[in-house]
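Notes follow once the structure below has been shown.
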Amino acid sequence: MKKLAALFVKGLVGPDPLLDDGTPQIAFIGRSNVGKSSVINSLTGQKGLARASSFPGRTQQINVFLVEGHTYALDLPGYGHSKHSLETKRRLHGLIDWYLFQSPYHPKKVVFIIDAEVGPTESDLEMLEGLEATRKPVVIVANKADKVKPSRYAVRMREIRDRVGTHKIIPYSSTTRAGREELAEELFG
Ligand SMILES: Nc1nc2c(ncn2[C@@H]2O[C@H](COP(=O)(O)OP(=O)(O)OP(=O)(O)O)[C@@H](O)[C@H]2O)c(=O)[nH]1
Ligand SMILES: [Mg+2]
């Protein structure tokens with residue numbers, strides 16, 4: 001499948017007029033280190049577009065990318081465990097909370113990334129409740145599917161399905177790019 005045109009526009013640390021320019025927004029959210037930045041890179045086919053790293057807490061701003069000239073992909077910091085000071089964690093959580101729950105913005109889609117092997121954690125389910133309470137259009141991406149043993153795959157997927165309710169779930173791997181077409185179709189099709 002062809003690459004999606006994508007370019008970095010700006011890193012936001014709070015309210016910014018950029019988000020008021022009428023461009024539809026798609027937010028990529030999830031725990032630290034679950035692969036939000038990697039999903040954006042693999043989805044667009046642009047390696048190194050969003051900075052990914054094995055250091056949990058890599059993304060510290062809302063990084064805005066313009067995809068196909070018409071949609072903003074927002075790479076948010078992760079919540080939960082990260083290697084930051086309490087103060088930095090508070091700031092990052094504040095940024096996530098502001099964008100999702102206090103700002104006037106209504107993302108066209110919230111791509112909620114979980115770890116396919118670990119399944120949804122308590123903090124994931126808490127976040128999902130918040131998204132449901134505010135009626136966000138959620139699609140769940142079960143990333144790192146390459147780490148699930150083939151013999152356990154069906155069971156893992158059923159467990160995820162049982163815990164997250166009726167949302168669409170797309171098994172995905174940023175490494176193998178499995179699920180990419182389905183996610184691209186869901187977001188940009
Ligand atoms: N095996 C495997 N590893 C992955 C996959 N996606 C991401 N990773 C690895 O997971 C680590 C975290 O990836 P990031 O994309 O930086 O994660 P993030 O959610 O953006 O992290 P923060 O910005 O810190 O919240 C990196 O070491 C990636 O190489 C995947 O599908 N499979
Ligand atoms: Mg990141």
Side-chain angles (χ1 to χ4, degrees), residues 1 4 6-13 25-65 67 72-100 107 109-128 130-131 138-150 152-153 156-157 160 169-184 186-187:
M1 200 180 157
L4 297 172
L7 51 94
F8 173 71
V9 182
K10 197 170 182 183
L12 314 181
V13 291
Q25 301 167 12
I26 297 176
F28 290 73
I29 69 158
R31 282 182 295 112
S32 297
N33 216 40
V34 77
K36 298 170 292 298
S37 301
S38 302
V39 168
I40 291 177
N41 291 341
S42 58
L43 179 68
T44 55
Q46 314 261 359
K47 257 192 183 172
L49 178 70
R51 285 173 74 190
S53 141
S54 57
F55 173 83
R58 168 77 264 175
T59 307
Q60 297 195 38
Q61 307 178 330
I62 297 179
N63 286 325
V64 181
F65 303 93
V67 181
Y72 286 146
L74 272 52
D75 183 14
L76 271 78
Y79 53 86
H81 168 81
S82 77
K83 292 188 173 160
H84 292 302
S85 66
L86 198 57
E87 196 188 322
T88 303
K89 266 188 230 184
R90 281 209 189 107
R91 182 174 67 76
L92 297 181
H93 287 191
L95 194 56
I96 299 165
D97 187 65
W98 166 75
Y99 178 76
L100 289 174
K109 208 66 112 183
V110 173
V111 181
F112 185 32
I113 303 172
I114 62 170
D115 185 310
E117 172 61 27
V118 174
T121 64
E122 285 309 311
S123 60
D124 288 332
L125 293 173
E126 211 173 282
M127 173 59 82
L128 189 58
L131 296 171
V138 171
V139 56
I140 294 179
V141 167
N143 188 39
K144 307 196 184 184
D146 57 287
K147 288 173 113 179
V148 181
K149 281 199 185 125
R152 284 207 304 242
Y153 191 82
R156 279 282 175 276
M157 290 307 144
I160 293 173
I169 303 169
I170 301 181
Y172 196 92
S173 167
S174 304
T175 307
T176 67
R177 299 179 85 198
R180 183 191 174 245
E181 297 218 6
E182 191 181 357
L183 184 58
E186 176 75 17
L187 301 181

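Only this structure's heavy atoms are used, side chains among them; waters, hydrogens and symmetry mates stay out. Numbers for residues simply follow the sequence, beginning at 1. Order of listing sets the numbers, starting from 1, for every ligand and every atom in it. A quick note: this is a predicted structure, and the numbers were derived from the prediction, not measured.
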Regarding ligand 1, does [X] bring an N or O atom to under 3.5 Å of one of the ligand's N or O atoms?
X: G78; result: yes
X: P77; result: no
X: R51; result: no
X: D75; result: no
X: S32; result: no
X: Y172; result: no

If you measure only the distance, is there a donor-acceptor pair under 3.5 Å linking the side chains of Q25 and Y99?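 Yes, a side-chain donor-acceptor pair sits under 3.5 Å.
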Judged by modelled atom types alone, do T121 and D124 share a side-chain donor-acceptor pair under 3.5 Å?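 Their side chains do contain a donor-acceptor pair, which is all the 3.5 Å distance test asks for.
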Which atoms of ligand 1 have any heavy atom of [X] under 4.0 Å away?
X: P56; value: 24 (O)
X: D146; value: 1 (N), 2 (C), 30 (C), 31 (O), 32 (N)
X: K147; value: 1 (N)
X: S38; value: 6 (N), 7 (C), 13 (O), 14 (P), 15 (O), 28 (C)
X: A52; value: 14 (P), 15 (O), 16 (O)
X: F55; value: 24 (O)
X: S173; value: 31 (O)

Counting heavy atoms only, which of K36, R31, Q61 is nearest atom 25 (O) of ligand 1?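 Nearest heavy atom to atom 25 (O) of ligand 1 lies in K36.
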Could you check which of T59, L76, T175, T176 puts a non-hydrogen atom nearest to atom 2 (C) of ligand 1?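 The option holding the nearest heavy atom is T175.
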Closer than 2.8 Å to the Mg ion (ligand 2): does that hold for any N, O or S atom in T59?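 It does; at least one qualifying atom falls short of 2.8 Å.
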Check whether any N, O or S atom of S37, backbone or side chain, sits closer than 2.8 Å to the Mg ion (ligand 2).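 Of the N, O and S atoms in S37, at least one lies under 2.8 Å from the Mg ion (ligand 2), which means yes.
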To the nearest 0.5 Å, what is the distance between [atom1] on [X] and [atom2] on [Y]?
X: Y72; Y: I62; atom1: OH; atom2: CD1; value: 13.5 Å
X: L43; Y: Y172; atom1: CG; atom2: OH; value: 5.0 Å
X: L12; Y: L74; atom1: CG; atom2: CG; value: 7.0 Å

Heavy-atom side-chain proximity of K36 to T59 below 4.5 angstrom: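 They are not in contact (no side-chain heavy atoms under 4.5 Å apart), so the answer is no.
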Is there a side-chain contact between R51 and R58 in this structure, where contact means two heavy atoms from C-beta onward sitting under 4.5 Å apart?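 Sidechains of R58 and R51: in contact.
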Evaluation steps, side-chain contact (heavy atoms from CB on, under 4.5 Å), between R31 and D115: CA-CA 9 Å; R31 282 182 295 112; D115 185 310; 3.8 Å; yes
Give me the nearest non-hydrogen protein atom to [atom] as residue plus atom name, then the distance to 0.1 Å.
atom: atom 21 (O) of ligand 1; value: N33 N, 3.0 Å
atom: atom 26 (C) of ligand 1; value: S53 O, 3.5 Å
atom: atom 10 (O) of ligand 1; value: K144 NZ, 3.1 Å
atom: atom 6 (N) of ligand 1; value: N143 ND2, 3.1 Å
atom: atom 31 (O) of ligand 1; value: S174 N, 2.8 Å

May I ask whether G30 places a heavy atom under 4.0 Å from ligand 1?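 No, that is not the case, since the closest heavy atom of the residue is not under 4.0 Å from the ligand.
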With a cut-off of 6.0 Å (strictly less than), are more than 12 heavy atoms of other residues, nucleotides or ligands near CZ of R152?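 More than 12 heavy atoms, drawn from other residues, nucleotides or ligands, come within 6.0 Å of this atom.
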Worked check of side-chain contact (heavy atoms from CB on, under 4.5 Å) between I29 and M127: CA-CA 10 Å; I29 69 158; M127 173 59 82; 3.9 Å; yes
Per the side chain to side chain contact (heavy atoms under 4.5 Å, CB included) rule, which among I26, I40, N143 passes with V111?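 Single pass found, and it is I26.
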Give a yes or no answer on whether the side chain of Q46 reaches the backbone of L4 with a donor-acceptor pair at less than 3.5 Å.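 Looks like yes, one N/O pair under 3.5 Å.
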